Amino acid sequence: MPVQRVVLNSRPGNNGVPVPAHFRLEETTLAPDLEDGEVLVRTLCLSVDPYMRCRMNEDTGVGYVTPWQLSECVDGGGVGVVESSRCSACSEGDVVTSFNWPWQTKAVMKGSALQKVDPQVVDGHLSYFLGAVGITGLTALLGVREKGNVTKGANQTMVVSGAAGACGSVAGQIGRLDGCVRAVGICGSEEKCRALVDDCGFSAAINYRKEDIPAKLQELCPDGIDVYFDNVGGGISDTVIAQMNNNSHVILCGQISQYNKDVPYPPPLSEEIQETLRSKNITRERFTVLNYMNKADAALCELSQLVKSGHINVLETVVEGIEKMGDAFCSMMKGGNIGKQIIKISE
């Protein structure tokens, strides 16, 4: 059976910016017969995410993800449908998802590696299993709940960087639902600012490419900042931390501004910022959603209800065709997406 797949063509190097040429589209063939425990799946949609940049290096720098291998099929979050099965847990027609889905139009996978999902949970929007009702939504909700110390009635202000991305756009909405009186997003275009305010209910948004971030933060957060959901690191985060209140909380979720640099994760802070954290008793703890998977089922159920009821609005950027995987990944790394970057592979 002929299929198309995407392989890692070359590595950008630890200080390199990824380009589409680092990926290569190939034709390959699947064996016609399944082994016991295997299923044939047709890929419906795939996800590209910032954490994948470290998988392009020989050493990812973190223990919970492995590097992609040269000339081998790339993998990540995916959703598909079972076309044939020799696994008792999967039947033909089942919709399934995996965090390690090969970037192929069709694939033979171990049934035990797949999670069966119910399309009704997302009102048929199957890509949501890769975003707001998947690992991304879990990261946003559990990050806010476990590290944010949001308290109803406490007049708290939340700031989110990378706010128009898949995780940030949900995190700000969770913050508001959980009791923050203000949620201010930092993002990279006027279009993104409008989406955050008009579609996601943020109080305000700052375009970091055009606006004076310290001045805008002072204007929009007159009572200081109590919770910071940090997706980007670097100078933007230093600016936010400088305006945080005593006993406030940084949710250290991602550092996308640093991913193309040869620095440890999380990247080191300047002495000045370290002193600000110490003197104001600001907690800044790394958040890894995989450490909280015992809470995943309940959290996914809540996310489903919030999305279906309209309390959380989902932002997505969708492109079609497996040949667009490399372009979509590189665009996402440069902020070209609003919300979750999805690649639609088949109907």
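Everything quoted here is computed from the prediction, not taken from an experiment.
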Considering residues, nucleotides and ligands other than Glu191, do more than 12 of their heavy atoms fall under 6.0 Å from its CD? no
For the pair Thr105 (side chain) and Gln4 (backbone), establish whether a donor and an acceptor sit closer than 3.5 Å, ignoring hydrogens and angles. yes
CD1-CD distance between Ile236 and Gln255, expressed to the nearest 0.5 angstrom: 11.0 Å
Donor-acceptor pair, distance only, cut-off 3.5 Å: does the side chain of Ser85 make one with the backbone of Cys87? yes
Looking at Glu146 and Lys295, is there a salt bridge between them, counting it only when a charged N and a carboxylate O are closer than 4.0 Å? yes
Assess whether a salt bridge exists between Arg145 and Glu302, defined as any Lys/Arg side-chain N lying under 4.0 Å from an Asp/Glu carboxylate O. yes
Under 3.5 Å, is there a donor-acceptor pair between the side chain of Thr239 and the main chain of Gly235? yes
Please determine whether a side-chain nitrogen of the Lys or Arg among Arg194 and Asp199 lies less than 4.0 Å from a carboxylate oxygen of the Asp or Glu. no
Within residues 303-342 or reaching into it, pairs that qualify as ring pair (Phe, Tyr, Trp, His ring centres under 6.0 Å) - sequence neighbours excluded: Phe23-Phe329
Donor-acceptor contact present, side-chain Arg176 to main-chain Gly201, <3.5 Å: yes
With rounding to the nearest 0.5 Å, note down the distance linking CG in Asn281 to OG1 in Thr276. 13.0 Å
Salt bridge Asp33-Arg86, side-chain N to carboxylate O under 4.0 Å: no
Counting neighbours of CD on Glu27 that are heavy atoms of other residues, nucleotides or ligands and sit closer than 6.0 Å, is the number greater than 12? yes
When you measure from the side chain of Asp94 to the backbone of Val96, do you find a donor-acceptor pair of N or O atoms at a distance under 3.5 Å? no
Atom pair CG (Asp327) and CD (Gln341), whose distance is rounded to the nearest 0.5 Å: 10.0 Å
Is it true that, when you exclude Lys324 itself, more than 12 heavy atoms of the residues, nucleotides or ligands shown sit nearer than 6.0 Å to its NZ? no
Regarding Arg182 and Thr157, is there a side-chain donor-to-acceptor distance under 3.5 Å anywhere? yes
Determine, for Asp178 against Lys152, whether the closest basic-nitrogen to carboxylate-oxygen distance falls under 4.0 angstrom. no
Interatomic spacing from CD1 in Ile282 to CD1 in Ile241 - rounded to 0.5 Å: 7.0 Å
Is a side-chain donor-acceptor pair under 3.5 Å present for Ser98 with Asn100? no
Rounded to the nearest 0.5 Å, how far does CG of Leu315 lie from CG of Leu196? 7.0 Å
OH/Tyr228 to SG/Cys221 distance, rounded to the nearest 0.5 angstrom? 12.0 Å
Any carboxylate oxygen within less than 4.0 angstrom of a Lys/Arg side-chain nitrogen, looking at Glu219 and Lys216? yes
Looking at Lys106 and Glu83, is any side-chain nitrogen of the basic one under 4.0 Å from a carboxylate oxygen of the acidic one? yes
Side chains of Lys280 and Ser248: donor-acceptor distance under 3.5 Å anywhere? no
Measuring centre to centre across the rings, with the benzene-like ring taken for any Trp, is Tyr51 within less than 6.0 Å of Phe99? yes
In terms of side-chain geometry, is the basic nitrogen of Glu190 or Lys192 positioned less than 4.0 Å from the acidic oxygen of its partner? no
For the residue pair Ser127 / Glu316, report whether a side-chain donor-acceptor contact shorter than 3.5 Å exists. yes
